[in-house]
Amino acid sequence: MSVAEELRKLQQLREAGAINDDEFALAKEKLLNKPPPIDAGAGEQAQLAINGPAAVDQQTRQWAMFLHLSLLAGFLVPFAGLLVPIVIWQLKKEELPGIDAHGKIAVNWIISAILYAVVCILLVFVIVGIPLLIALGTVGIIFPIVGGINANNGKVWRYPLSITFLK
């Protein structure tokens, strides 16, 4: 329904006595000052364009935090901690350019952690691999949490011990 049609309906309600002049003026003011409707197909991009850079920054922070914390999904569902961060990164990097740096950091950590795990498993036969696996599991929990907190604060935090494969 267009604004003109809604104004006609308000006028008819006022003429019929259903609303008084004050109510008419208030409803008219709300109608004239409301933001234009967003096409349902336009989605998140249109909403971000209307709300401006602050909304883009907030969305980037939120998705970056989800990306880092999704590394922990592997502790609940096998391989989810490997796949979910990559999926989030690939889906959101075009829409929110700030996500790209966080995605590369997460993927670098995933590859590094896999390499460290393989080395630790080989070192299990020398006994030193068991404490190293425990340490790797501990930092595998701590690093994504710290990365998620920093991402939510608008900072890009590079995981210590992470080998840079993607720049």
Side-chain angles (χ1 to χ4, degrees), residues 1-3 30-31 33-167:
M1 180 180 306
S2 72
V3 174
K30 283 183 182 178
L31 183 62
N33 289 330
K34 76 177 181 181
I38 298 173
D39 179 23
E44 233 175 271
Q45 281 289 56
Q47 185 65 38
L48 291 175
I50 288 172
N51 292 335
V56 172
D57 182 55
Q58 180 60 33
Q59 287 286 320
T60 301
R61 288 178 180 205
Q62 183 178 17
W63 280 104
M65 180 185 69
F66 291 152
L67 189 144
H68 286 284
L69 294 179
S70 68
L71 288 166
L72 300 174
F75 290 103
L76 299 174
V77 178
F79 302 108
L82 304 176
L83 299 175
V84 175
I86 296 170
V87 169
I88 291 173
W89 174 40
Q90 292 302 312
L91 290 176
K92 293 294 182 178
K93 74 178 182 179
E94 298 297 324
E95 182 180 326
L96 304 168
I99 290 289
D100 194 41
H102 293 280
K104 288 177 182 176
I105 289 169
V107 170
N108 284 335
W109 173 247
I110 290 169
I111 296 169
S112 299
I114 290 171
L115 289 175
Y116 294 146
V118 169
V119 170
C120 289
I121 289 171
L122 294 175
L123 291 175
V124 164
F125 299 110
V126 190
I127 313 238
V128 80
I130 295 171
L132 289 176
L133 276 172
I134 293 170
L136 182 61
T138 303
V139 298
I141 293 171
I142 294 171
F143 287 176
I145 292 171
V146 173
I149 291 169
N150 280 311
N152 196 36
N153 291 331
K155 299 175 187 167
V156 177
W157 184 70
R158 301 197 187 285
Y159 295 12
L161 306 175
S162 181
I163 304 167
T164 305
F165 296 99
L166 303 175
K167 294 182 182 187

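Across Phe143, Trp157, Trp109, Tyr159, a single residue satisfies ring-ring contact (aromatic ring centres under 6.0 Å, His included) together with His68, and that is Tyr159. With respect to Leu67, the side chain to side chain contact (heavy atoms under 4.5 Å, CB included) criterion is satisfied by exactly one of Val87, Ile86, Ile88: Ile88.
A distance of 11.5 Å separates CD1 in Ile121 from CG in Leu132, rounded to the nearest 0.5 Å. One finds the CG atom of Leu71 at 11.0 Å from the CD1 atom of Ile105 (value rounded to the nearest 0.5 Å). Here the CD atom belonging to Glu94 is positioned 12.0 Å from the CD1 atom belonging to Ile99, to the nearest 0.5 angstrom. In this structure, CD1 on Ile149 lies 9.5 Å from CE on Met65, to the nearest 0.5 angstrom. Rounding to the nearest 0.5 angstrom, the gap separating the CD1 atom in Ile145 from the CG atom in Asn150 is 12.5 Å. Note that CD1 of Ile110 is 12.0 Å distant from CG of Leu115, once rounded to the nearest 0.5 Å.
Looking at residues two or more places apart in sequence or on another chain, you find no salt bridge (charged side-chain N to carboxylate O under 4.0 Å, His left out) involving Lys93. Not a single ring pair (Phe, Tyr, Trp, His ring centres under 6.0 Å) links Tyr116 to another residue, sequence neighbours left out.
Pairing each heavy atom of Leu166 with each of Asn108, the nearest pair is N-OD1, 2.8 Å. Minimum interatomic distance between Arg61 and Asn152 (heavy atoms only, all atoms of both residues): CD-O, 3.5 Å. Scanning both residues, Ala151 and Ala64, for their nearest heavy atoms gives CB-CB, 3.7 Å.
Residues Phe165 and Val107 have side chains not in contact (no heavy-atom distance under 4.5 Å, counting atoms from C-beta outward). Side-chain contact between Thr138 and Ile141 is absent, with no heavy atoms from C-beta onward closer than 4.5 Å. A 4.5 Å side-chain heavy-atom check between Ile163 and Ile111 finds every atom pair outside the cut-off.
Counting non-hydrogen atoms of other residues, nucleotides and ligands closer than 6.0 Å to CD1 of Ile127 gives a total of 12 or fewer.
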message: Please evaluate residues Val77 and Val84 with respect to the criterion side chain to side chain contact (heavy atoms under 4.5 Å, CB included), reporting the C-alpha separation (whole Å), side-chain torsions for both, the decisive distance (0.1 Å), and the verdict.
response: CA-CA 11 Å; Val77 178; Val84 175; over 6 Å; no
